[in-house]
Amino acid sequence: MNPAVIASVETMLEKWKGREGEEIEVFNEFRLLTSEVISRTAFGSNYLEGKKIFDMLTKLAILVSRNYFKTPIPGISKIWKTADEIESEKLANGIHDCVMEMVKRREKKVETGEADGFGNDFLGLLINAYRDFDEKNRFSIEDLVDECKTFYFAGQETTNSLLAWTILVLAIHTKWQEKTRQEVLEVFGDQNPNSEGIAKLKTMNMVVNETLRLYSPVAAVIRKIKKEVRLGKLVLPANLEILIPIIALHHDPQLWGDDVHLFKPERFVEGIASATKYNSAAFIPFSMGPRSCVGMSFATTETKVALSMILQRYAFSLSPTYVHAPFPVITLQPQHGIQVMLHPL
Ligand code: HEM
């Protein structure tokens with residue numbers, strides 16, 4: 001078990017101590033938590049250091065999703081840019097500079113002898129690839145910055161969303177909350193979670209899968225057709241971009257039955273294959289195929305650790321101020337946050 005995950009959850013729960021009996025907005029709480037986790041595990045820095053990058057990435061995500069379906073007029077964008085294009089460029093340059101600062105700090109440590117390598121975390125591996133002796137294997141600096149952006153964003157926003165929606169469903173379905181808590185207490189008692197125990201949490205696994213189905217953090221993925229292909233009655237030409245609507249598949253009554261919109265974790269009691277009637281494309285929160293999510297196991301473990309530690313300490317119910325408004329900003333987010341009332345056990 002990664003100690004950085006436990007330490008980051010402990011920091012969050014320490015802050016909650018003074019707020020018992022009060023309303024708490026968990027989407028933002030989990031934003032800090034998941035940012036801290038990815039900063040510490042992948043980049044060896046803390047949340048504050050990563051904060052500048054996260055803030056810029058969040059603003060960039062809003063601009064990208066706002067302009068995604070606008071077709072640029074060829075040639076025009078070279079001489080005239082919209083306000084959003086100018087802002088996006090500024091943000092992209094800002095992110096580039098921040099990543100470069102982190103890279104330079106590590107390089108300096110090696111040059112001054114303070115460290116004997118660039119590190120074994122994700123950033124360390126990227127710097128090694130960027131400095132590769134063999135030119136053919138060498139990463140460009142643009143590749144390095146791009147990989148960092150993907151990892152920061154893919155690792156944080158998605159898990160942030162999953163954790164928040166899971167708290168929502170458990171705050172509404174209190175029987176499932178109690179069942180999941182009982183399981184956590186049976187496996188861990190009042191001890192911190194460990195990997196062996198996490199693998200035993202069957203009820204929690206069902207709850208997390210049902211949340212991933214109903215509130216898939218990544219609502220859709222895009223793929224480009226490489227060569228002409230027949231898909232059912234359709235012939236898709238090469239170079240066409242298609243959108244695969246994950247969330248629509250997860251809400252299709254033909255695949256899931258008439259109770260498709262209901263929260264029913266028992267669907268997953270016999271595992272994913274049985275829940276999907278052996279249709280592997282019916283449940284794809286992490287996409288499928290060679291470009292599926294590399295962080296799946298990390299994300300589900302982080303989610304289960306955080307949930308276990310919360311359930312060990314608190315019961316929670318939905319606050320009357322909560323307004324249900326899921327909206328996609330690249331990931332599926334609760335537009336007005338998720339407000340719950342915390343009750344110490
Ligand atoms: C609940 C949490 C998560 C969900 C639902 C999720 C979902 C996805 C999906 C659907 C894709 C495919 C995107 C596409 O093809 O356009 C993807 C890709 C990716 N994810 Fe995740 N992800 C999660 C957490 C994470 C975490 C924690 C990390 C890193 C620590 C991560 C790293 C990545 C990376 C690097 C890719 C790109 C893989 C590639 O292009 O080959 N993800 N993720």
Side-chain angles (χ1 to χ4, degrees), residues 1-2 4-5 8-9 26-27 30-45 47 50 53-54 57 61 64-65 68 99 120-126 129 139 143-169 198 204-205 207-226 241-250 272 280-307 326 328-334:
M1 173 64 54
N2 197 317
V5 178
S8 305
V9 181
V26 290
F27 185 70
F30 294 147
R31 168 169 301 204
L32 303 186
L33 168 69
T34 50
S35 305
E36 174 87 15
V37 167
I38 204 76
S39 296
R40 286 170 79 150
T41 52
F43 297 95
S45 57
Y47 167 66
I53 298 182
F54 285 122
L57 276 173
V64 170
S65 54
Y68 193 80
V99 171
N120 295 324
D121 59 5
F122 182 66
L123 181 61
L125 298 177
L126 289 179
F139 246 47
D143 288 340
L144 186 149
V145 174
D146 264 3
E147 290 296 323
C148 287
K149 280 199 291 198
T150 307
F151 218 73
Y152 261 122
F153 198 82
Q156 187 267 324
E157 287 278 327
T158 47
T159 319
N160 186 176
S161 162
L162 172 59
L163 263 169
W165 293 117
T166 312
I167 290 288
L168 172 79
V169 291
I198 289 291
M204 186 181 289
N205 198 42
V207 166
V208 168
N209 278 339
E210 183 67 342
T211 312
L212 281 167
R213 184 185 71 81
L214 284 171
Y215 298 99
S216 214
V218 178
V221 289
I222 293 164
R223 290 289 181 268
K224 195 168 182 175
I225 307 290
K226 219 170 163 190
E241 280 194 0
I242 55 166
L243 185 113
I244 300 157
I246 297 178
I247 208 139
L249 291 170
H250 291 182
I272 292 174
S280 57
F283 181 66
I284 48 167
F286 297 98
S287 184
M288 64 191 291
R291 299 306 294 263
S292 65
C293 180
V294 293
M296 177 173 89
S297 163
F298 186 89
T300 44
T301 306
E302 180 183 346
T303 301
K304 289 174 188 175
V305 168
L307 283 176
V329 188
I330 305 210
T331 55
L332 189 71
Q333 303 187 3

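Computed from heavy atoms alone, side chains included, the values below leave out hydrogens, waters and symmetry copies. Just follow the structure's listing: the first ligand is 1, and inside any ligand the first atom is 1.
- If you check which protein heavy atom lies closest to atom 13 (C) of ligand 1, you get V221 CG1, 3.6 Å.
- Of the residues listed (T34, V37, L33), the one engaging V5 in a side chain to side chain contact (heavy atoms under 4.5 Å, CB included) is V37, and it is the only one.
- Atoms of the protein (N, O or S only) found under 2.8 Å from atom 21 (Fe) of ligand 1 are C293 SG.
- Ranking the protein heavy atoms by distance from atom 38 (C) of ligand 1 puts S292 O, 3.9 Å first.
- Close contacts between ligand 1 and I38 involve ligand atoms 30 (C) [criterion: under 4.0 Å to a heavy atom].
- Although no hydrogens or angles enter the test, the distance criterion places no donor-acceptor pair under 3.5 Å between the side chain of H250 and the main chain of E210.
- With hydrogens and angles ignored, the 3.5 Å screen pairs a side-chain donor or acceptor of T300 with a backbone N or O of S297.
- Considering CD1 of I244 and CG of L249, their distance stands at 8.5 Å, rounded to 0.5 Å.
- Backbone and side-chain nitrogen or oxygen atoms of R223 are examined, and one is located within less than 3.5 angstrom of a nitrogen or oxygen of ligand 1.
- In summary, the atoms of ligand 1 found under 4.0 Å from a heavy atom of L162, numbered by their order in the structure, are 1 (C).
- In this structure, atom 37 (C) of ligand 1 lies nearest to the protein heavy atom T150 CG2, 4.6 Å.
- Residues E147 and F139 share a closest heavy-atom pair of CG-CE2, 3.7 Å.
- Near P285, with a cut-off below 4.0 Å to any heavy atom, the atoms of ligand 1 are 5 (C), 7 (C), 10 (C).
- Distance remark: protein heavy atom present below 4.0 angstrom from atom 30 (C) of ligand 1.
- Evaluation of the side chain to side chain contact (heavy atoms under 4.5 Å, CB included) rule for A282 yields L255, W256, T276, N279 as partners, not counting sequence neighbours.
- With hydrogens and angles disregarded, a donor-acceptor distance shorter than 3.5 Å links the side chain of S161 to the backbone of L332.
- Put simply, CG on N205 and CD1 on I272 are 7.0 Å apart, with the number rounded to the nearest 0.5 Å.
- Using a distance-only test at 3.5 Å, with no hydrogens or angles considered, a donor-acceptor pair links the side chain of N160 to the main chain of F27.
- On a distance-only criterion, R291 and ligand 1 share at least one N/O pair closer than 3.5 Å.
- Contact check for Q333 versus P326: no side-chain heavy atoms found under the 4.5 Å cut-off.
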